[in-house]
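What follows is a set of notes on a single structure, which appears directly below.
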Amino acid sequence: MELGNVNEKVSEILSAIADFLEMKGENVYRVMAFRKAARTIAGLPRRIESKEDVIVLPGIGKAIGDIVDEILRRGTSSLYEELIEEIPEGVREFLQIQGVGPKTAFSIYKSTGASSLEELYELISTGRLKGTGNLKEKTIEKIYSGIEKAMEKKKLLRLDQGYTIYTAVKDMLKNIPYVEDITLVGGLRRGKEINSDADILIASKEEERLKAIIDDMDSKIDIKIVPPEMFPYYTFLYTGNNIHTKRIEEMIRDKRIFNSEEEIYHTIDLQYVPPELREGIGEIELASEYNLPALISPSDIKGDLHIHSLWSDGTANIIDMASACIKRGYRYMAITDHSASLKVAGGLSPEDIREQHRELELIRDKLDGFTILKGIEADILPDGTLDMPEEILKSLDIVIASVHTKFRMEEKEMTERILKAISNPYVNILAHPTGRILLERDPYKVDIEKILKFAGERGIVMEINSSPERLDLNETLIREGKRLGVKFAINTDAHSTNHLENISYGVITARRGWLEAKDTVNTYSINDLFNIIRRR
DNA sequence: GCCGTTTTCGGCCCGACTGTTTTCAGTCG
C-alpha cells in the first residue's frame, strides 16, 4: 500500500461498502456506521497502523475494526470483494447524478446491466431506458440532464484534487536525476477553484527520455517539458491568464532567458505580481506604480472561527481540535457546532449548549495562551429567524449564522431571509454566504450585492469558507465586498483535525480577491478580535 | 454497526420535497 495514503484507502473502501450496502437495502444504521467510520478515518491526523488505532475511535467497534485490520493486511476487504462481485464498482457513479440515490442506482443496474455513467448515457440517448424497471418519463429526463452534469464533473478538478495530482506527480519524479525543477502552472497555480486539468511544468535537458515515463499519465494532467534555462520564462508564460501574459510579453519583447520569475517583472520595472493576481484586471497598472495590495499569507492567520466537534457532526473532540490548532501556531479557535434544527448533523439544543459550555470551561483552564471561543453555527430558518433563543446567543462569544435548508427559495425571499438573520444583533459572521458546493450544487438565488452592502455597513463579517468543496465567497465577490467595506473571516468549517489544513485554499482564494491581512478578522490578536465582535 | 454510569437489547436520523405514489418510496440536506 502506498505510504501516506493508507487512511484514505481504508476510508474509501469503507464508504464503498456503505454505498453498496445501502443499494442492497441494508439497515440504514449499519450503513451510517460504515459511512461515519470512513469519515472519521479520513479525518485522522495520524496514519493508522493497526486495528487498535481505530477501535478506540468514536463510532468504530469490533466489526469495523476487523475490516480495517484486513484492509491493512491485504489491501482490501472480503466484504468489499463480495459486494463488488454483486454490484460493479461503476454503479457507484450513478449516485453522483442529482436525484439518483441508492435505490434508483441499484434498480437501473438490475434492469439494464449498465455499470458506468457512459453506458447509462448511451442507454438513455438511444431510448432504451424506457420501460425498464419502474422509471417513468419525467424521472428519465431528470436522470438525462443529471448525467451530463455528472460526466462533465468527472472531467473537472477542484483545487484540492488538482494539488493531490501535482503532489503525486512530484513524488513520482523526485528521484529522476534529469528532472531539474518542477512547478505547478496554469489556473491551479493562480488558485482557481475549478480547472480542467493540472498544468505542470518540468525543467529538463532530456525531454525524450522523460516523455517516455510520463506518457501514459491521466488525461487530466498536462505536462510540459522545457530546457532548464527557459524554466522561469515558461513558468511565467503558463501561469497568468491570456490578458496578463500577453501584455507582459509585449513589454519584455524577445527576451526569454531569466533567472527567476521575479526578474521578468523587475526587468520591465514592474513590481512582482503574485500568481493569484495575474488575471488581467488592473494588476499590471498597480504593479507599474509598485502599489499592489500586500496580500494576506497563511502565516497571518491567528485562529479559526468555524470549527465543529463531536458535539454535532464533527469527528474529533474539542480538545483534539484545540491541540491541532495550537500545533498550527494559532492563538484561538471558535467551537461552532450546529444548532438544534439541523437534525441530520446532530444539532445542539439549548440544553446541549449549556452542557458543552461546562466542558469548555474545564478545557479552557488547561490551555495556556490559547483561547477557545464559545460559538455556534446557528441555522437561519426559512423566515430569517435563528433557531436559538436569545438567552443562549447572549451567552456566546461568537455567533455564526448560515443557511442549510430550503435552498430553492426565490431570490427576493432568500435575500430577505438572510438580511433578517444578519440583522440579529447577536450575529457576527455569515458563513458560506452563497451555499454553493462546487461541481454539485449551484449557489442559491440571492442578491449577494445587497447582502455585502448591508454587511459592510453593519459590520457583519463575511466568511470565506476554505473547504475546497465550497470556497464561497469567490474572488469576484470578495473584491466587491472589500470595495463595500466588508471584513472577512477565512474559516475552515473543519469537521476533523485534517480539515484545518484547508485554510490554505481559503487564503489563496482571499489572495485572488486581493485581500490583505487587515481585511481579515482572524489575523487579529484575540483582544482586537473581541473588540470587533463586541461592537455588534 | 455502535453504544450504554438506571439498558447487552433496542434505540440511533428527521423533515421537506418530488414524482405518478391515490397513500408512499426515494432523495436530499
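Per chain, numbering begins at 1; letters A, B, ... match sequence-line order. Keep in mind that the numbers below use all heavy atoms, side chains included, and drop hydrogens, waters and symmetry copies.
Between the CG atom of A/Asp313 and the P atom of B/dC12 there is a distance of 19 Å, rounded to whole Å. The interatomic distance linking A/Asp19 (CG) with B/dT27 (C1') rounds to 14 Å, in whole Å. Remark: C1' of B/dA25 and CD of A/Glu22 are 14 Å apart, rounded to the nearest angstrom. Between A/Lys51 atom NZ and B/dG1 atom P the separation is 13 Å, expressed in whole Å. To the nearest angstrom, P of B/dG29 lies 16 Å from CZ of A/Arg436. As a whole-Å value, the separation of A/Ile64 CD1 from B/dC3 C1' is 13 Å. Summarising the geometry, the separation between CG on A/Leu135 and P on B/dT20 is reported as 9 Å, rounded to the nearest angstrom. At whole-Å resolution of the value, CG in A/Asn27 and P in B/dC3 are 15 Å apart.
B/dA16 sits 22 Å from B/dT20 when the P atoms are compared, rounded to a whole Å. The separation of B/dC17 from B/dC13, taken at their P atoms, amounts to 23 Å, rounded to a whole angstrom. With C1' as the reference atom, B/dT21 and B/dT27 are 14 Å apart, rounded to whole Å. Across the C1' atoms, B/dT23 and B/dT18 are found 15 Å apart, a figure rounded to whole Å. Rounded to the nearest Å, the gap between the C1' atom of B/dG1 and that of B/dT6 is 24 Å. With both ends at atom P, the span from B/dC9 to B/dC14 equals 24 Å, rounded to whole Å.
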Trace of the ring pair (Phe, Tyr, Trp, His ring centres under 6.0 Å) decision for A/Tyr505 with A/Tyr163: CA-CA 10 Å; A/Tyr505 302 121; A/Tyr163 285 159; 5.8 Å; yes
A/Asp320 and A/Ser323: CA distance, side-chain angles, deciding distance, side chain to side chain donor-acceptor pair (under 3.5 Å) verdict: CA-CA 5 Å; A/Asp320 287 340; A/Ser323 308; 5.0 Å; no
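Remark: the backbone N or O of A/Leu381 is not paired with any side-chain donor or acceptor of A/Asp387 at under 3.5 angstrom.
Near DNA chain B, meaning a heavy atom under 4.0 Å from it, residues 29-43 of chain A has A/Tyr29, A/Arg30, A/Met32, A/Ala33, A/Phe34 in order of number. For the segment residues 377-387 of chain A, no residue has any heavy atom less than 4.0 angstrom from an atom of DNA chain B.
Here the side chain of A/Lys103 is nearest to one of B/dG26, B/dT20, B/dC13, namely B/dG26. Closest to the side chain of A/Gln98, out of B/dC14, B/dG26, B/dC28, is B/dC28. Of the candidate nucleotides B/dT20, B/dC17, B/dT27, B/dC17 has the atom lying nearest to any side-chain atom of A/Lys406.
Taking for each of A/Arg441 and A/Lys138 the nucleotide of DNA chain B with the nearest heavy atom, the 5'-most of the two is the partner of A/Lys138. Position along DNA chain B of the nearest nucleotide to A/Ala63 versus A/Lys343 favours A/Ala63 as the more 5'-ward residue.
With salt bridges taken as basic N to acidic carboxylate O contacts below 4.0 Å, none links A/Lys394 and A/Glu391. Ionic pairing of A/Glu351 and A/Arg358 is present here: one or more N-O contacts between side-chain nitrogen and carboxylate oxygen are shorter than 4.0 angstrom. The existence of a salt bridge linking A/Glu463 and A/Arg470 is excluded, since no basic side-chain nitrogen approaches an acidic carboxylate oxygen closer than 4.0 Å. We find that A/Lys24 and A/Glu86 are joined by a salt bridge, their nearest charged nitrogen and carboxylate oxygen being less than 4.0 Å apart. Between A/Arg479 and A/Glu475 there is no salt bridge, since no side-chain nitrogen of the basic residue lies less than 4.0 Å from a carboxylate oxygen of the acidic one. Taking the charged nitrogens against the carboxylate oxygens, A/Lys420 and A/Glu416 have no contact shorter than 4.0 Å, which rules out a salt bridge.
Atoms CD1 and CZ, on A/Ile464 and A/Arg511 in that order, are 12.5 Å from each other to the nearest 0.5 Å.
Applying the Watson-Crick and G-U wobble criteria (two distances, each under 3.5 Å), B/dG11 pairs with B/dC2.
Using a 4.0 Å heavy-atom criterion, one finds that A/Ile60 contacts the sugar-phosphate atoms exclusively. The residue A/Thr139 sits close only to the backbone: its heavy atoms come under 4.0 Å of sugar-phosphate atoms, none of a base. The residue A/Ile97 sits close only to the backbone: its heavy atoms come under 4.0 Å of sugar-phosphate atoms, none of a base. Counting non-hydrogen atoms under 4.0 angstrom, A/Glu137 reaches nothing in the nucleic acid. Residue contacts for A/Ser341: at a heavy-atom cut-off of 4.0 Å it reaches no nucleic acid atom on any strand shown.
Its glycosidic angle being within 90° of 0, B/dT7 falls on the syn side.
Under the 6.0 Å cut-off for aromatic ring centres, A/His404 and A/His338 qualify, their centroids lying closer than that.
Dashed line: the shortest gap from a side-chain N or O of A/Thr104 to OP1 or OP2 of B/dT27 is under 4.0 Å.
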